[in-house]
K.L.:
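Can you read through this structure? Questions will come right after.
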Amino acid sequence: MLIIKQVIAVAAFFLLSRVTLAQQKDSVSNMPLTATANRPAQSLNGKWQVILDWYDNGNREGIVTNKMPVGKTDFLEFSFDNSQTLSVPGDWNSQRAELKYYEGTVWYKKDFDYQPNSYKRVFLNFEGVSYRCDVYLNGNILGKHEGSFTPFQFEVTRFLKPGHNLLVVKVNNERREDAIPARKFDWWNYGGITRSVTLTEAPANFIADYFVQLKKGSLRQLEGWVRLNTRQSQFATIEIPEAGFKTKIMTDTTGKAALVANAKLQLWSPQHPKLYKVNIYTQTDTVHDLIGFRSVQVKGTEIMLNNKPVFLRGISFHEETPQRAGRAYAEADSRQLLTWAKELGCNFVRLAHYPQSEQTVKLAERMGLMIWEEIPVWQGIQFKNPQILSKANQMLHEMVGRDKNRCGIIIWSLSNETAPSKARNETLTAMAKDVRLLDPTRLISSAFDHFRYNKNEILIDDPLSESLDVLAANKYMGWYAPWPSEPGNVIWKSNFKKPLIISEFGGEAMYGNHGSKDTASLWTEEYQEQLYKDNVAMFKKIPFLQGVCPWIMADFRSPFRMHAQFQEGWNRKGLLSDKGFKKKSWYIINDFYNRIKGTYGN
Ligand code: GCB
């Protein structure tokens, strides 16, 4: 009986997949299924078997088919047979002591069962693999991906088998000059399948993607589009039941339909983080999302949220849980980081220095935090290498693709601390143009660390500023740069009439280490506390300052930081220690934020 059932299942599967393949011919080629939320999905998280391949030798050995020895004289030196396991999602560095510094290749294997459903197309989604990977299903290469922090996907409809399936992923985290970030960066080089893996199902004709936001500057006009996977014209309906909004739009021959319509909506803001259930459907498919509506724009040197000026009380953090000394991956990790931000008095977070998980972004938005999201274009990038623009743009597209409907995100940032040069200016200018085409509703920024000095004057003259909406300065006054005068006498000037955020400032202190407040090399809490007081004094004198972002919420692991007594592999600029304990500097920022809360009605 069981055998008959299996035979029927196999026959049905091949019949159906042929229908699916025939229909695929009508589809726009390589159309990914971006709208994955709320679709039927099978999680592939859990224990995966692994083989370490330090010298990159495994490819020769039939790992991708999980080959077994044939006959008495055969043997394999790369085999998953009885291998160790690693948890997915998760970095490998914090899961096994001997992998703490490992940089190289690890082969991952997952066996799973799949039962086909009628007329479904199936997609394999990776939310983040660090840094590069090759993906094989049942011995077939599905593709490769580069970049640790953004999602990617393969359609696997024709590669899946009913019953047992074999998924093998080769993951490599070697640091290279032509990568993004490049060979050196001030955070831990976590490797592995660090975020979730799922199989998602969709009907043959599906809603591939959608964009539903308020038009920049408008408090009621929706701007966006719906994109289907087929080129045939069809109606798509967009509905916001709670707001009594419903509209039908017709797709064109590219499968896309534009949305321009007015709706009466309660606006999202930090005080009122209202999200609406939005339904989008066609004859064959339905997707749901929770979307908030707000307007963000720049007016002179001010940032306007819902047409009112707003001051960004920010904090930066890495995607790391200090207590576990590993890459954050669980909902509880995101909640902890964001709860700290709220407790500090923030209305804004800078997700440093790369797109953090989708759950962090969604939770931040629900908690009423505005968000700066950036790609890891961080110092030392090979701007002269022609591949860099396409790699960076791919990351930008994947980030915006994932988060474009998250109203909490108000700023896309292109880069961090890149030195002005012809190649850098051209690359980042091209990226700024590209991201504005992708998303005309948000603000664009880039964090600078090159300024012109004249005694106690700091001038912003980076030519890239022309392409940006918001200027951002990383300036470590009192740490990497000694004070040229009394903090209150430092004068900031800008060649551009645009708002400024101090996107990084701070200095190091070892939690519980007390003493002198004027000697940096002693790593005392008192030195850091004074530095924060001084910076606050400077901020009050910058007329076009519209936000600040201390560096950083908590101490984080970094190979840049090897002072044997005070650092031991930790960047100690946290307002919190590596265990989450508050340093004295925390209270300076907390007090500053509490005092300015309400200045701009936020
Ligand atoms: C910076 C970088 C940041 C570093 C920080 C530091 O300017 O943007 O990634 O971690 O300084 O601690 O020096």
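Both ligands and their constituent atoms are indexed starting at 1 by order of listing.
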K.L.:
How close do Phe149 and Arg402 get, heavy atom to heavy atom, and via which atoms?
P.N.:
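Result for this residue pair: O-NH1, 4.4 Å.
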
K.L.:
I'd like to know whether Glu319 forms a salt bridge (Lys or Arg N to Asp or Glu O under 4.0 Å) with Arg195, so could you lay out the CA-CA distance, the side-chain angles of the two residues, the decisive distance to 0.1 Å, and finally the verdict.
P.N.:
CA-CA 11 Å; Glu319 190 172 47; Arg195 296 186 188 153; 2.8 Å; yes

K.L.:
Check the angle between the aromatic planes of Phe451 and Trp492 and answer parallel, tilted or perpendicular using the 30° and 60° thresholds.
P.N.:
perpendicular

K.L.:
Provide the closest heavy-atom pair for Thr150 versus Pro355 in the form atom of the first, atom of the second, distance.
P.N.:
CG2-CG, 3.8 Å

K.L.:
Kindly state each residue pair satisfying side chain to side chain donor-acceptor pair (under 3.5 Å) with at least one member in residues 532-544, sequence neighbours excluded.
P.N.:
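Every pair satisfying side chain to side chain donor-acceptor pair (under 3.5 Å) with a residue in residues 532-544: Gln530-Asp534.
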
K.L.:
Which heavy atom in Trp570 sits nearest to a heavy atom in Asp555, and how many Å separate them?
P.N.:
CZ3-O, 3.6 Å

K.L.:
Mind checking what residues have non-hydrogen atoms under 4.0 angstrom from ligand 1?
P.N.:
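Around ligand 1, where the cutoff is 4.0 Å for heavy atoms, the contacting residues are Asp186, His353, Trp378, Asn416, Glu417, Asn474, Tyr476, Tyr480, Glu504, Trp551, Phe556, Arg561, Asn571, Lys573.
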
